[in-house]
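One-based numbering, in listed order, for ligands and for the atoms of each.
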Amino acid sequence: MDSILVKGGGALNGVIPIAGAKNACLTLMPATLLSEEPLTLTNAPRLSDIATMTQLLQSLGAEVASLQNGLVLAMSSHKLDNHTADYEIVRKFRASILVLGPLLARDGHAVVSLPGGCAIGARPVDLHLKALEAMGAELDLRDGYVHAKAPGGRLRGAVVEFPFVSVGATENALLAATLAKGTTVLKNAAREPEIVDLAVCLRRMGAQIEGEGTSTITIQGVDRLGGATHPVVTDRIELGTYMLLPAICGGEVECLGGRIDLVGAFAEKLDAAGVSVENTERGLKVSRKNGRVKAVDVVTEPFPGFPTDLQAQMMALLCTADGTSVLEEKIFENRFMHAPELARMGAKIDVHGGHATVTGVERLRGARVMATDLRASVSLILAGLAAEGETVVSRVYHLDRGYERVEEKLRGVGAQIERIAG
Ligand code: UD1
């Protein structure tokens with residue numbers, strides 16, 4: 001397993017291009033299953049999760065070609081000869097459950113293994129299943145698989161009210177509803193930019209959707225969808241992560257393609273901590289020129305609140321802030337696994353239930369640490385870049401699921417970082 005070696009201490013300056021969003025791409029790709037015509041995604045991120053979704057779609061009979069060095073995904077599902085998503089692929093990532101809605105909507109039947117994914121809590125899929133049941137699906141859970149059928153071969157429109165906000169369940173229901181008979185109303189729907197991006201793409205394919213980006217989405221089912229070409233929205237989590245570089249190390253970094261509307265709540269916290277964020281013609285420029293950042297309290301929430309996927313990276317910053325910060329994790333119950341690793345680098349963190357109290361120290365020290373999940377891995381790299389001496393982060397395969405060419409991008413702003421093959 002590869003490790004990453006980071007030598008910390010210096011300020012970082014320069015530009016970083018931000019890729020297309022992993023989480024948007026992972027929900028856009030299954031949209032190909034809804035149509036016999038080609039769907040082409042541009043601005044796709046080059047990540048192992050995308051390769052795994054490619055493998056999953058191909059196992060169902062879809063054609064997926066990766067063009068222009070992975071930036072363009074040309075997909076076609078003119079014939080699907082398999083409706084079973086196998087455990088061996090599905091277990092690798094949770095987004096695989098997103099093939100269930102489209103398969104069911106198009107052909108009226110599907111068998112999908114229950115998914116795996118990051119070890120950050122229980123992460124059930126009950127809301128996905130309840131939404132599809134409300135649309136008439138008959139589900140049977142056997143041997144770790146969901147066996148699903150739509151009576152008469154077609155789902156029907158329904159009013160689905162989610163008891164709490166779920167990004168994935170909103171996506172699965174939205175995908176399925178495009179081909180259902182009649183109108184579907186999704187209430188208490190997720191409002192994330194990735195949902196908006198999915199709705200825009202589905203509309204390009206001929207779907208009738210209104211209200212994306214609000215908590216009520218209305219979908220008028222159509223008989224068939226066509227092809228489309230769609231650019232994947234900017235990755236707001238990669239953006240937020242790299243906005244933290246000058247915040248934690250000092251210096252000035254411009255994130256190309258960054259937009260403030262994608263990271264509003266996060267940018268407000270940076271501002272409160274004393275970090276400057278400016279719009280430029282090409283993206284967002286972030287700088288910290290004097291002194292330590294100030295402590296700030298953070299509560300993770302569904303969009304437009306502070307994203308849970310930036311909590312670990314924000315904690316890395318607050319480890320060196322002046323004062324005491326409290327981070328409250330409200331989305332996942334087990335998402336402070338980076339805290340003991342940061343403590344190995346000299347951070348003072350006290351975790352109590354869903355809260356972590358971080359007392360800033362003047363300097364972190366390099367150490368050997370272990371990545372426990374995707375966002376935790378990058379928080380350890382950020383901490384290592386700010387620390388005195390060398391940090392070795394092991395188990396970085398998590399990182400490759402969500403950050404493309406991470407060493408190259410970081411070296412581009414002056415970071416001392418290298419991968420150690422092992
Ligand atoms: C997506 C993102 C993930 C992000 C998360 C929250 C993708 C591929 N992943 O994950 O990076 O951290 O949104 O912004 O887009 N839940 C249930 N039952 C369900 C579904 C969810 O109890 O059927 C719970 C989850 O365990 C969690 C909460 O709801 O506690 C929110 O999860 P959800 O929004 O569904 O996250 P994902 O779509 O899995």
Any N or O of K22 closer than 3.5 Å to N or O of ligand 1: no
Within the structure, does D309 bring an N/O atom to less than 3.5 angstrom of an N/O atom in ligand 1? yes
Is it the case that more than 12 heavy atoms not belonging to Q55 sit under 6.0 Å from its CD atom? yes
Against ligand 1, does F303 come closer than 4.0 Å with any heavy atom? no
Give the contacting part of R94 toward ligand 1: side chain, backbone, both or neither, where contact means a heavy-atom distance below 4.0 Å. side chain
Can you tell me how far CG of L103 sits from NE2 of H109, rounded to the nearest 0.5 angstrom? 8.5 Å
Hey, is CZ on R368 packed in by over 12 heavy atoms from elsewhere, all under 6.0 Å? no
Taking N or O atoms only and a 3.5 Å limit, does G168 qualify as a polar contact for ligand 1? yes
OH (Y145) with more than 12 external heavy atoms under 6.0 Å: yes
If hydrogens are left out, which of D49, T300, V167 has an atom nearest to atom 34 (O) of ligand 1, that is, the closest non-hydrogen atom? V167
Hey, does E333 come in under 3.5 Å of ligand 1, counting only N/O atoms on both sides? no
Passing candidate, side chain to side chain donor-acceptor pair (under 3.5 Å) with T308, options E301, R335, R375: R335
Considering both backbone and side-chain atoms of D126, is one of its nitrogen or oxygen atoms within less than 3.5 Å of a nitrogen or oxygen in ligand 1? yes
Looking only at side-chain N and O atoms, does T300 offer a donor or acceptor that is under 3.5 Å from a partner on E329? yes
Mind checking whether E171 has an N or O less than 3.5 Å away from an N or O of ligand 1? no
May I ask you to list the atoms of ligand 1 that are less than 4.0 angstrom from any heavy atom of T308? 6 (C), 12 (O), 14 (O)
So is P124 polar-close to ligand 1, meaning N/O to N/O under 3.5 Å? yes
Give yes or no for whether the N/O distance cutoff of 3.5 Å, strictly under, is met between F332 and ligand 1. no
Approximate separation, where rounding is to 0.5 Å, of E254 CD and Y242 OH: 16.0 Å
Quick check: I331 and ligand 1, any N/O pair under 3.5 Å apart? yes
So, E418 and R411, do they make that salt bridge, N to O below 4.0 Å? no
E301 heavy atom under 4.0 Å from ligand 1: no
Evaluate salt bridge (charged side-chain N to carboxylate O under 4.0 Å, His left out) for D81 paired with K79, printing each intermediate quantity in order. CA-CA 6 Å; D81 46 20; K79 74 169 176 41; 3.4 Å; yes
